[in-house]
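Reading through the structure tokens given below for one structure.
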Amino acid sequence: MIDARLRATNPTAGTVTHAMPEGHTIHRVAEDHNKWFAGQMLKASSPQGRFADGAKKLNGKLLYRVHAHGKHLFYEWGDSTLHIHLGLYGKFRRHKTPPPEPRGAVRLRVIGEDRAFDLNGPTACELLSKAEFQKLRSRLGEDPLRDDADPEIAWQKISRSRSAIGQLLLNQSVIAGVGNVYRAEILFLLGLHPSVKGNELNRREFDDIWELTVRLLKIGKRYNKIIITNPIDVGKPRSKMNSSERLLIYKKPHCTVCETAVHVWQLASRKIYSCPVCQPERA
DNA sequence: TTGATTGTTACCGG
DNA sequence: TCCGGTAACAATCA
């Protein structure tokens with residue numbers, strides 16, 4: 001069970017990070033309590049006063065039974081749950097043992113027999129009660145990577161919404177795990193304008209979105225990167241692709257299919273890239 | 001040094 | 001209630 005590869009939020013918007021440290025022992029927690037709980041997200045769910053208790057509970061614990069849902073990781077500990085969310089830049093960094101002195105913002109150090117992991121970056125890392133876990137879990141939508149995912153539930157939410165599909169894809173309570181890069185690439189590949197409303201999509205279009213999302217997230221999980229392009233077209237295996245070869249529309253000045261200038265705009269407070277020709281607006 | 005960011009939440013107003 | 005926009009958070013990178 002060691003090194004189960006699980007997906008989590010990370011700098012690459014929902015792809016896998018390093019192998020997750022399951023079956024290892026927490027050796028150290030950050031001394032800088034304020035830094036640990038710096039983010040608003042953490043303040044909301046973890047009052048600072050609880051840190052000391054949490055840190056004590058964390059130290060020396062064995063991490064076991066990890067599972068991912070969307071961009072969240074959960075380690076079960078009997079009645080409580082360690083919740084980790086890697087945010088924008090968080091990641092698990094793997095070391096051999098003994099690991100070097102921690103550098104930068106190391107939140108958590110996990111030590112195994114032959115390897116160690118540092119959790120660093122502005123990440124969520126908190127201990128949740130059963131009720132808190134249930135509450136968080138209930139706010140998450142279907143994760144296309146999970147065996148128990150039910151696309152019907154996602155379809156109900158999307159088909160009843162007047163929001164743009166470009167918004168809905170980023171909404172973790174609709175589909176959990178899609179980030180800004182995936183949303184741009186998914187809509188581009190399907191020729192859908194990001195402004196098309198959820199309730200304007202037909203079932204066939206939703207099925208295409210779901211299937212493509214599953215496929216892309218699986219590739220991302222496997223290669224630890226968001227990879228959209230076909231390796232045959234690029235002429236090298238996926239593991240060797242560089243960043244400009246992996247994507248089709250995100251941050252591209254010109255459409256990689258028709259060479260039209262890519263339209264860059266804001267949707268859901270995030271930059272969205274779309275091709276005015278390949279993704280026509282709907283009347 | 002500066003600005004942007006592959007993420008999320010709280011809050012406010014329509 | 002639903003929906004859109006904005007601010008805040010903070011490490012990292014160009």
Side-chain angles (χ1 to χ4, degrees), chain A residues 7-17 30 32-48 68-73 83-93 102-108 118-126 132 135-137 139-141 156-188 194-195 197-200 213 216-217 219-221 223-228 242-244 246-252 264-273:
Chain A
R7 180 168 49 91
T9 301
N10 79 345
T12 45
T15 57
V16 196
T17 63
D32 189 339
H33 305 177
N34 291 322
K35 266 199 162 179
W36 185 313
F37 285 122
Q40 255 190 355
M41 177 169 61
L42 294 178
K43 276 182 199 153
S45 55
S46 299
Q48 297 216 1
H69 191 115
K71 305 170 185 177
H72 301 255
L73 289 170
H83 167 226
I84 290 175
H85 187 294
L86 300 177
L88 261 71
Y89 284 106
K91 58 171 62 163
F92 276 99
R93 227 166 241 170
R103 288 219 320 262
V106 174
R107 302 286 188 261
L108 194 72
D118 283 341
L119 172 64
N120 55 7
T123 77
C125 180
E126 56 184 349
E132 289 167 325
K135 192 177 161 193
L136 173 54
R137 175 66 189 78
R139 288 207 308 267
L140 293 175
Q156 291 302 324
K157 287 179 181 167
I158 288 174
S159 62
R160 287 172 183 169
S161 172
R162 298 193 306 274
S163 294
I165 186 61
Q167 304 240 23
L168 294 167
L169 285 181
L170 277 191
N171 186 338
Q172 300 300 300
S173 69
V174 178
I175 295 180
V178 174
N180 201 22
V181 181
Y182 280 116
R183 99 161 152 175
E185 299 288 337
I186 288 167
L187 294 175
F188 174 72
S195 294
K197 308 254 186 284
N199 61 10
E200 292 168 353
T213 304
L216 295 182
L217 288 178
I219 295 171
K221 176 175 169 177
Y223 291 95
N224 207 4
K225 290 185 179 98
I226 300 177
I227 300 174
I228 310 296
N242 63 41
S243 59
S244 69
R246 300 199 318 259
L247 305 178
L248 291 173
I249 189 83
Y250 185 80
K251 281 193 177 166
K252 300 279 186 194
V264 187
W265 44 300
Q266 294 265 130
L267 184 60
S269 304
R270 313 290 301 282
K271 279 230 172 87
I272 176 90
Y273 300 76

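Lettering of chains follows the sequences in order, A, B, ..., and the numbering in each one begins at 1. Side-chain atoms are counted along with the backbone in the values below, which use heavy atoms only and exclude waters and symmetry mates.
Residue contacts shown for A:R139 are limited to sugar-phosphate atoms, with no base heavy atom under 4.0 Å away. Contacts of A:R270 with the nucleic acid, taken as non-hydrogen atoms under 4.0 Å apart, include base atoms.
Summarising the geometry, the separation between CG on A:L136 and P on B:dA10 is reported as 11 Å, rounded to the nearest angstrom. A:N171 has its CG atom 9 Å from the P atom of B:dT9, to the nearest Å.
Side-chain nitrogen and oxygen atoms of A:S163 include at least one within less than 4.0 Å of the OP1 or OP2 phosphate oxygen of C:dG4. Taking only side-chain nitrogens and oxygens, A:K71 comes nearer than 4.0 Å to OP1 or OP2 of B:dT8. Close to B:dG7, at under 4.0 Å from its OP1 or OP2, lies no side-chain N or O of A:H85. Residue A:S161 places at least one side-chain N or O under 4.0 Å from the OP1 or OP2 atom of C:dC3. In terms of phosphate contacts, A:Q172 brings no side-chain nitrogen or oxygen within less than 4.0 Å of OP1 or OP2 of B:dG7.
Side chain of A:Q167, nearest nucleotide from C:dG4, B:dG7, B:dT8: C:dG4. Nearest to the side chain of A:R162, among B:dG7, B:dT9, C:dC3, sits C:dC3. Checked against B:dT8, C:dC2, B:dT5, the side chain of A:K251 finds its nearest nucleotide in B:dT5. Listed candidates were B:dT8, B:dT5, C:dC3. Nearest to the side chain of A:K271 is B:dT5.
Between atom CG of residue A:L168 and atom CZ of residue A:R183 there is a gap of 10.5 Å, rounded to the nearest 0.5 Å.
Using a distance-only test at 3.5 Å, with no hydrogens or angles considered, a donor-acceptor pair links the side chain of A:E185 to the main chain of A:I249. A:Q172 places a side-chain N or O within 3.5 Å of a backbone atom of A:G177 that can act as its donor or acceptor partner.
The aromatic rings of A:H85 and A:H72 sit perpendicular to each other, their planes meeting at more than 60°, with 30° as the lower class boundary.
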